[in-house]
Student: 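My questions will all concern the structure given below.
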2 protein chains.
Amino acid sequence: MRDEFAKIDWLKTRLALNGDSSAVLVGIGDDAAVIDFGNRPTIVTVDTQVEEVHFRADLLSPRELGYRAVVAAASDVWAMAGIPSASVIALTLRDDFSDDEFRDLIDGVADAARVTGARVIGGNLSRGSSLTVTTTVFGLPISKSLTRSGARPGDSIYVTGTLGAAALGLAILEADRLDIERARKFAERWKKPPLNGKAAAVLARIATAAVDVSDGCLQDLEHLLTASGVGAVLHAPAVPTAPGYQAACVALSIDPMVLALSGGEDYELLFTARESAEAAALGTRIGEIVEGTGSRVLDAAGSAIELGRGGFSHFS
Amino acid sequence: MRDEFAKIDWLKTRLALNGDSSAVLVGIGDDAAVIDFGNRPTIVTVDTQVEEVHFRADLLSPRELGYRAVVAAASDVWAMAGIPSASVIALTLRDDFSDDEFRDLIDGVADAARVTGARVIGGNLSRGSSLTVTTTVFGLPISKSLTRSGARPGDSIYVTGTLGAAALGLAILEADRLDIERARKFAERWKKPPLNGKAAAVLARIATAAVDVSDGCLQDLEHLLTASGVGAVLHAPAVPTAPGYQAACVALSIDPMVLALSGGEDYELLFTARESAEAAALGTRIGEIVEGTGSRVLDAAGSAIELGRGGFSHFS
């Protein structure tokens with residue numbers, strides 16, 4: 001494709017059929033897109049993935065990157081108990097990024113747009129020294145938006161899925177240890193964040209607060225606690241991990257509990273709710289909200305344990 | 001500021017008072033923002049400014065960059081005959097970007113958010129090798145959204161303001177020729193795109209199509225012509241330029257007409273409309289829409305002239 005405009009023409013065709021476009025009044029290719037969100041509040045979130053900062057290009061293909069960028073942003077919408085409805089994608093491409101790589105990237109974006117519902121309505125193309133994908137995702141709250149600030153003492157703390165698997169997958173790829181049992185499954189878990197649309201629908205009914213686990217469980221919980229003005233007690237033995245997780249951590253000389261509580265990019269949903277069968281069906285109960293500030297982690301005997309708070313922080 | 005989260009805390013306070021926030025149900029600091037756009041279609045546009053690609057860091061201060069990034073994106077909303085109402089800002093910061101530079105950048109963003117109406121409701125902070133500002137701006141159509149596709153043969157072509165001044169200002173800065181008469185005024189014109197909110201309100205009433213002049217008049221006109229399925233005749237002597245423009249071009253050995261018709265980043269509005277006093281009060285009539293495709297530029301004698309089509313294209 002000769003230039004920016006040839007790429008945009010191609011994108012118009014490639015992305016035109018993503019989902020129901022009845023609410024999209026103007027799509028890709030004009031000065032701006034126009035969408036009818038209906039007479040409801042709109043959830044808006046933006047996330048950026050930068051090559052060599054958020055991912056190593058040799059570990060993540062363009063298609064995987066495109067998919068991951070959209071799902072990671074959609075995860076914020078699910079954490080607000082919303083349903084993704086549209087997205088705009090700003091790409092910064094290296095001069096040596098080939099047309100094939102570009103098409104693969106967009107294939108990944110299109111796959112994710114389809115499975116999340118965040119159909120692509122517009123975007124921007126730029127040159128740059130690093131491959132960068134900035135994804136703005138819009139969503140509609142299922143009922144009232146679920147913030148981080150509604151947790152109250154007595155609420156239980158739950159998490160969907162398992163923790164640490166994405167960080168373990170990345171560690172496996174970085175150490176080139178695909179010989180470890182279930183290594184590819186963990187690597188895949190890092191590359192493909194979970195789809196939590198159904199979880200969002202349950203959160204809308206039962207949760208008092210929620211956050212998605214992107215920077216590490218303890219760090220993201222801390223944001224929820226601060227926003228809610230409460231503290232938390234976590235039970236380390238209750239933290240859910242995937243089959244083979246412990247053994248793979250041992251093989252890599254990683255502390256399984258530190259990784260589960262501080263490893264980033266799980267994109268699971270951490271939420272607070274009254275203890276209930278429905279909450280337990282959606283996630284694993286890992287602790288409870290208490291008066292105070294900050295979180296304490298207890299071992300099986302109920303003693304407080306110290307863990308490195310090495311959650312992924314972009315600035316240090 | 002210690003880390004990403006300290007920066008976000010500061011941003012919450014710094015940007016909290018931008019404009020009326022009655023429609024913002026959740027602002028900066030949660031998983032996502034929530035805004036009520038009302039029961040109307042929403043205009044969405046995204047633009048990226050990358051250091052050393054879109055601007056030289058030594059020619060544009062962080063504050064100027066922040067201002068420019070928001071106004072340039074708002075320009076797309078004005079070109080749709082809309083009023084900017086909100087924005088989300090994704091920043092990629094170099095490790096050596098200081099807290100003072102960060103605050104200056106946000107001051108510029110806040111200034112632009114105030115004057116455009118695009119109050120900041122959310123964003124994202126990342127590290128990266130280049131300073132990058134990706135701005136998503138939302139707006140409300142004043143009446144019906146104005147696309148690029150409504151131009152019809154017989155319509156006149158108008159442009160707001162003057163052409164070429166921004167590209168001239170950049171050329172002056174790059175050549176370090178602030179000795180040229182009115183040099184600082186042209187440099188300022190490049191740094192600060194015009195505010196076209198009032199023009200947008202007129203466009204909503206009278207224009208049949210519009211595009212903002214970001215890549216150069218001829219190139220942006222071409223997009224409008226293609227979208228509308230029509231051609232154009234432009235009258236070179238009618239093209240409006242600023243006082244001192246010709247002399248400054250001569251001093252830099254630049255062809256004034258080539259620059260006016262192909263220089264980028266004017267962020268003026270090119271629109272088509274029936275010829276009228278109201279249209280003439282808003283812009284300068286530079287030509288007319290005809291049957292066919294592409295544009296022909298005529299000199300004072302009515303002869304077709306060839307111009308380099310060096311409009312700013314991101315990919316080549």
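Chain letters run A, B, ... following the sequence lines, proteins first, then strands; residues in each count from 1.
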Student: Look at B:Asp36, B:Val34, B:Thr45, B:Asp220 and state which one has the largest set of heavy-atom pairs under 4.5 Å with chain A.
Tutor: B:Val34
Student: Nearest 0.5 Å please: distance from the CZ atom of A:Phe5 over to the NE2 atom of B:His223.
Tutor: 3.5 Å
Student: Does any heavy atom of chain B fall under 4.5 Å from the side chain of A:Val77, the backbone, both, or neither of them?
Tutor: neither
Student: Looking at A:Ile43, A:Thr42, A:Val26, A:Ile89, which makes the most heavy-atom pairs under 4.5 Å with chain B?
Tutor: A:Thr42
Student: Relative to chain A, which of B:Pro141, B:Ala79, B:Gly122 shows the most heavy atom pairs under 4.5 Å?
Tutor: B:Ala79
Student: Got a second to check how far A:Asp31's CG is from B:Ser145's OG, nearest 0.5 Å?
Tutor: 11.0 Å
Student: Among B:Leu146, B:Ile121, B:Asn124, which residue forms the greatest number of heavy-atom pairs with chain A at distances under 4.5 Å?
Tutor: B:Asn124
Student: Could you have a look at A:Val46, A:Val137, A:Thr132, A:Val44 and say which one has the most heavy-atom pairs with chain B under 4.5 angstrom?
Tutor: A:Val44
Student: Do A:Phe138 and B:Phe138 make a side-chain contact, defined as non-hydrogen atoms from C-beta onward lying under 4.5 Å apart?
Tutor: yes
Student: Would you find a donor on one side and an acceptor on the other, under 3.5 Å apart, between the side chain of A:Arg40 and the backbone of B:Gly38?
Tutor: no
Student: To the nearest 0.5 Å, tell me how far A:His54 NE2 sits from B:Ser126 OG.
Tutor: 3.5 Å
Student: Among B:Thr92, B:Thr134, B:Leu125, which residue satisfies the side chain to side chain contact (heavy atoms under 4.5 Å, CB included) criterion with A:Thr48?
Tutor: B:Thr92
Student: What residue, out of B:Asp47, B:Leu91, B:Asp76, has the most heavy-atom pairs lying under 4.5 Å from chain A?
Tutor: B:Asp76
Student: Under the side-chain contact (heavy atoms from CB on, under 4.5 Å) criterion, do A:Arg127 and B:Val50 qualify, and how do the steps go?
Tutor: CA-CA 8 Å; A:Arg127 281 193 305 120; B:Val50 184; over 6 Å; no
Student: Go through the atoms of B:Val88 and report whether side chain, backbone, both or neither lie under 4.5 Å from a heavy atom of chain A.
Tutor: side chain
Student: At a 4.5 Å cut-off on heavy atoms, which part of A:Ala227 comes close to chain B: side chain, backbone, both, or neither?
Tutor: neither
Student: In Å, rounded to the nearest 0.5 Å, how long is the span from CZ of A:Phe37 to CG of B:Asn39?
Tutor: 13.0 Å
Student: So what's closer than 4.5 Å to chain A heavy atoms on B:Thr147: side chain, backbone, both or neither?
Tutor: both
Student: Checking A:Ala210 against chain B: side chain, backbone, both or neither under 4.5 Å from a heavy atom?
Tutor: backbone
Student: What part of A:Val211 gets within 4.5 angstrom of chain B, counting heavy atoms only: side chain, backbone, both, or neither?
Tutor: both
